[in-house]
Amino acid sequence: MKISLFTVILLLFTSPVRANIDAIDGMYLVSTKGISQVSSSGAKDKHGNYAVNINVVESVYPKYYTKGLLIARGWWSTTTQQFYTEDYHIRPQFPHCNAFEEFSWGFPYEPTIVVIANKKYPVYKKISSFPEKRAPQKYCVDERVSRSTCRRDRCNKWESPKPNGYLVSSRSLANSLFANLRN
């Protein structure tokens, strides 16, 4: 079977891109809660991971998540396309207890196309499948914290994370996607 060059080019441009993210520096995380920017310094480690910091760019909770706030730090795994981070936990009732929590895996990302205002954009979307032993952990949404020690005394309600979010390469696309998600 002979395939023309035109057909090959057409297939390349119309098929979903299946490229992995190798360089994460400067990319934007977008969800219904806000936009954050990933920064990475240095080369990959021996396992193929980049050290990363994630800072707030825009938030629906600007009183607590201020622009520039470091909200997560850890690694980006190029092999599984996941973040392994410790997230900054904000406790509005006890601001002196705000601190980084335990390390946990996030959901993997895979390439997809989103349509915003009748235009198609290539993005990376969180997916619900993940490698064995790298599952995103449940988190407490209703906790009782000791005012003096800042330790969690009890969790009244745990929730499983949901794969809602995108990773994009430009601020303008992050802004458009954020506005689209909030509508």
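Not measured: the values here are computed from a predicted model.
- Ile116 has its side chain within reach of Tyr121: a pair of non-hydrogen atoms, C-beta onward, lies under 4.5 Å apart.
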Trace of the side-chain contact (heavy atoms from CB on, under 4.5 Å) decision for Ile35 with Glu58: CA-CA 5 Å; Ile35 302 171; Glu58 185 176 342; 4.1 Å; yes

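- Separation of atoms CG (Asp87) and CG (Leu70) is listed at 10.0 Å; rounding is to 0.5 Å.
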Check against side-chain contact (heavy atoms from CB on, under 4.5 Å), Val123 and Thr112: CA-CA 6 Å; Val123 300; Thr112 190; 3.7 Å; yes

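- Two residues are said to be in side-chain contact when any heavy atoms from C-beta on lie closer than 4.5 Å; Trp105 and Ser77 meet this criterion.
- Cluster membership check: Phe83 does not share its hydrophobic cluster with Phe103, using side-chain heavy-atom separations under 4.5 Å among Ile, Leu, Val, Met, Phe, Trp and Tyr.
- Within the 4.5 Å cutoff, side-chain heavy atoms of Ile90 are placed close to those of Leu69.
- At least one side-chain heavy atom of Asp153 sits under 4.5 Å from a side-chain heavy atom of Ser146.
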Criterion side-chain contact (heavy atoms from CB on, under 4.5 Å) on Asn55 and Ser36, from CA distance to verdict: CA-CA 5 Å; Asn55 297 83; Ser36 304; over 6 Å; no

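- Arg182 and Thr32 make their closest contact through CG-O, 4.2 Å (heavy atoms, listed as atom of the first residue, atom of the second, distance).
- More than 12 non-hydrogen atoms from other residues, nucleotides or ligands lie less than 6.0 angstrom from NZ of Lys44.
- A single hydrophobic cluster is not seen to contain both Tyr139 and Phe94; linkage of ILVMFWY side chains at heavy-atom distances under 4.5 Å, directly or through other members, places them apart.
- Screening residues 142-183 for disulfide bond (SG atoms under 2.5 Å apart), with sequence neighbours left out, gives Cys97-Cys150, Cys140-Cys155.
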Full working for side-chain contact (heavy atoms from CB on, under 4.5 Å) between Phe178 and Val60: CA-CA 10 Å; Phe178 181 52; Val60 295; 3.8 Å; yes

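- Dense packing is recorded around CD of Glu159, with more than 12 heavy atoms of other residues, nucleotides or ligands lying under 6.0 Å away.
- A heavy-atom distance below 4.5 Å is not found between the side chains of Ile127 and Pro163.
- Residues Glu101 and Glu86 approach most closely at O-CB, 3.1 Å, considering heavy atoms.
- Heavy-atom minimum distance, Val57 versus Lys67: O-CG, 3.7 Å.
- Between Val52 and Ser39 there is no side-chain heavy-atom pair separated by less than 4.5 Å.
- Looking at residues two or more places apart in sequence or on another chain, you find a salt bridge (Lys or Arg N to Asp or Glu O under 4.0 Å) between Arg152 and Glu143.
- Cluster annotation: Ile24 and Tyr28 are assigned to the same hydrophobic cluster (Ile/Leu/Val/Met/Phe/Trp/Tyr, side-chain heavy-atom contacts under 4.5 Å, transitive).
- At a threshold of 4.5 Å between side-chain heavy atoms, the hydrophobic network of Ile, Leu, Val, Met, Phe, Trp and Tyr places Trp75 and Tyr50 in two separate groups.
- Taken from CH2 in Trp76 to CD in Gln82, the straight-line distance is 8.0 Å, to the nearest 0.5 Å.
- By the 4.5 Å heavy-atom criterion applied to side chains, Val38 and Leu29 are counted as neighbours.
- Separation of atoms CZ (Arg147) and NE2 (His96) is listed at 6.5 Å; rounding is to 0.5 Å.
- In this structure, the side chains of Val114 and Lys125 stay at 4.5 Å or more apart for every pair of heavy atoms.
- Residues Phe107 and Tyr166 do not share a hydrophobic cluster, defined by chaining ILVMFWY side chains whose heavy atoms lie under 4.5 Å apart.
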